[in-house]
There are 2 protein chains.
Amino acid sequence: MTDLLKIWGERLRSEGYRLTRARRAILEALAAGESHMTPEELHRQARRRHRSLGLVTVYRTLALLEKLNLVQRVHQGALSCHSFIAVRLPTGHHHHLVCRTCGRVEEFPDCALDDVLRRLQARTGFAIESHHVEVVGRCPECQ
Amino acid sequence: MTDLLKIWGERLRSEGYRLTRARRAILEALAAGESHMTPEELHRQARRRHRSLGLVTVYRTLALLEKLNLVQRVHQGALSCHSFIAVRLPTGHHHHLVCRTCGRVEEFPDCALDDVLRRLQARTGFAIESHHVEVVGRCPECQ
DNA sequence: ATATTAATGAAAAATTTTTTCAATAAGGCA
DNA sequence: TGCCTTATTGAAAAAATTTTTCATTAATAT
Ligand SMILES: [Mn+2]
Ligand SMILES: [Mn+2]
Ligand SMILES: [Zn+2]
Ligand SMILES: [Zn+2]
């Protein structure tokens with residue numbers, strides 16, 4: 001977990017971004033979080049490290065981390081549906097299986113779909129550029 | 001398609017809701033739509049049938065249809081991430097491969113994903129209830 | 001037709017996210 | 001270390017989205 005922080009910090013630096021107190025606080029909250037957090041929740045957590053942190057900086061930092069593929073956005077429910085979770089899988093790109101009841105998230109790697117997409121590309125002649133996958137269900141505890 | 005409308009109308013009536021002009025316009029737009037639409041898009045389409053339709057009624061009707069499981073919410077992207085699509089059960093479920101350039105749509109059957117989802121369900125213990133998949137690329141002509 | 005009352009649309013309010021901008025502080029360098 | 005440059009910050013304002021309120025309308029049962 002401390003690993004994660006170190007890796008993230010180095011990545012930011014290597015991309016030319018500054019490692020500020022605000023960003024450190026947000027990264028630490030994200031790395032410590034067990035599950036996905038809304039910007040609001042993340043702000044609350046990160047403020048324990050950095051009292052004057054503004055919510056707007058949380059939004060900005062999340063946009064940056066999302067661009068760098070260090071966090072991934074999780075959609076859930078109707079209201080306040082955006083939340084964010086640290087990317088821990090080595091493969092980078094992955095998808096989420098979300099529990100409709102408790103919000104628990106299970107990650108699954110993109111490679112599970114590679115084969116389907118490859119066949120689709122071969123059959124149709126399309127050059128596939130991107131895909132969006134959304135899977136919803138109920139976790140073992142909530143069934 | 002007309003089937004879908006009839007079924008939806010009967011369902012609303014049987015649940016004690018009134019079948020109003022506004023709701024009919026929205027249902028028709030949803031049934032005619034090939035893919036998911038944001039409330040805004042749906043409003044634009046439905047107004048071709050019912051000029052004075054208010055956006056607020058689109059929101060209210062979507063909430064109702066979602067509650068009755070007649071439409072499904074799809075989350076995508078960062079901004080304006082909510083959109084809605086008719087639930088077409090039990091048959092006719094398929095997905096779309098869309099050409100980014102010319103808009104051409106190629107359909108692919110759901111069964112291509114069945115295997116992936118079955119394995120995911122077995123591995124995680126989740127009871128998978130729904131999924132949405134969208135693939136974007138460039139068609140042979142546009143490459 | 002009439003009565004009942006669910007549903008509607010406009011406006012206001014609430015919520016969430018982005019933009020603007022002056023002040024601050026991170027990182028490079030002397 | 002102390003200065004310089006400028007990326008980053010936080011507050012406030014603005015924008016975008018969604019919900020609530022409420023008087024009016026219209027769908028349905030009688
Ligand atoms: Mn993927
Ligand atoms: Mn499907
Ligand atoms: Zn659950
Ligand atoms: Zn094309």
Side-chain angles (χ1 to χ4, degrees), chain A residues 5 8-29 36-68 70-71 73-84, chain B residues 5 8-29 36-68 70-71 73-84:
Chain A
L5 265 181
W8 286 355
E10 282 164 10
R11 177 75 189 287
L12 284 180
R13 298 299 309 280
S14 81
E15 300 273 348
Y17 298 101
R18 294 179 181 175
L19 197 43
T20 64
R21 192 172 163 205
R23 283 176 181 160
R24 254 194 298 268
I26 294 166
L27 292 175
E28 283 172 23
H36 48 116
M37 285 177 277
T38 63
E40 208 77 60
E41 285 164 350
L42 191 52
H43 183 224
R44 198 180 315 121
Q45 291 306 314
R47 274 222 288 193
R48 296 163 55 161
R49 301 251 175 196
H50 180 35
R51 285 263 294 314
S52 64
L53 178 68
L55 177 58
V56 66
T57 298
V58 174
Y59 277 102
R60 286 192 281 229
T61 301
L62 285 172
L64 174 60
L65 295 175
E66 191 179 27
K67 190 174 71 182
L68 298 180
L70 302 180
V71 303
R73 185 184 301 260
V74 175
H75 288 277
Q76 198 212 353
L79 175 111
S80 212
C81 75
H82 298 274
S83 56
F84 296 83
Chain B
L5 267 181
W8 284 355
E10 282 165 11
R11 177 74 189 289
L12 284 180
R13 299 300 309 282
S14 80
E15 301 272 349
Y17 297 102
R18 294 178 181 177
L19 196 43
T20 65
R21 194 172 162 206
R23 281 176 182 163
R24 253 192 300 268
I26 294 167
L27 291 175
E28 282 172 24
H36 49 112
M37 286 177 277
T38 63
E40 208 77 60
E41 287 165 349
L42 191 52
H43 183 224
R44 200 181 313 122
Q45 292 306 314
R47 274 222 288 195
R48 295 162 55 158
R49 303 248 173 198
H50 181 36
R51 287 267 291 320
S52 64
L53 177 68
L55 177 59
V56 65
T57 298
V58 173
Y59 276 102
R60 285 191 281 228
T61 301
L62 285 172
L64 174 60
L65 294 175
E66 191 179 27
K67 191 175 68 180
L68 298 179
L70 301 180
V71 303
R73 184 185 301 259
V74 173
H75 287 277
Q76 197 168 158
L79 174 111
S80 214
C81 76
H82 300 273
S83 56
F84 296 83

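In the text below, chain A, chain B and the rest are named by the order of the sequence lines, each starting its count at 1.
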Figure out the [atom1]/[atom2] separation between [X] and [N], and round it to whole Å.
X	N	atom1	atom2	result
B:Arg51	C:dG9	CZ	P	13 Å
B:His50	D:dA27	NE2	C1'	13 Å
A:Arg23	C:dA26	CZ	C1'	10 Å
A:Glu41	C:dT15	CD	C1'	16 Å
A:Leu62	C:dT17	CG	C1'	12 Å
B:Leu53	D:dA26	CG	P	14 Å
B:Phe84	D:dT17	CZ	C1'	12 Å
A:Arg47	D:dA11	CZ	C1'	13 Å

What pair of heavy atoms forms the shortest contact from [X] to [Y], and how long is it?
X	Y	answer
A:Gly77	B:Arg73	O-CD, 4.0 Å
B:Cys81	A:Cys81	SG-SG, 3.4 Å
B:Leu68	B:Arg11	O-NH1, 3.1 Å
B:Ala78	A:His82	O-CE1, 3.2 Å

Can you give me the N/O atom pairs linking the protein to nucleotides 28-30 of chain D at distances under 3.5 Å, or say none if there are none?
residue: D:dT28; atom: OP1; partner: B:Leu19; partner atom: N; Å: 2.8

Which atom pairs link the protein and nucleotides 18-22 of chain C when you take only N or O atoms and keep those under 3.5 Å?
residue: C:dT20; atom: O4; partner: A:Arg60; partner atom: NH1; Å: 3.4

B:Arg21 side-chain N/O to D:dA27 phosphate OP1/OP2 under 4.0 Å: no

May I ask you to evaluate whether A:Ser80 reaches the phosphate of C:dT16, defined as a side-chain N or O under 4.0 Å from OP1 or OP2?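 For A:Ser80, the contact criterion (side-chain N or O under 4.0 Å from OP1 or OP2 of C:dT16) is met.
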
Pairwise side-chain contact, A:Leu64 with A:Leu70, heavy-atom cut-off 4.5 Å (strictly under):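 The answer is no; the side chains never approach within 4.5 Å.
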
Could you tell me whether the side chain of A:Gln45 and the main chain of A:Leu42 form a donor-acceptor pair under 3.5 Å?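 No, because the side chain of A:Gln45 does not come within donor-acceptor range (under 3.5 Å) of the backbone of A:Leu42.
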
Give a yes or no on whether the backbone of B:Leu53 and the side-chain of B:Thr57 come within a donor-acceptor separation of less than 3.5 Å. no

Which value, rounded to the nearest 0.5 Å, describes the distance between A:Leu27 atom CG and A:Arg49 atom CZ?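 That separation rounds to 11.5 Å.
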
Measure the spacing between OG1 of A:Thr61 and NE2 of A:His43 and express it to the nearest 0.5 Å.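 A:Thr61 atom OG1 to A:His43 atom NE2 measures 10.5 Å (nearest 0.5 Å).
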
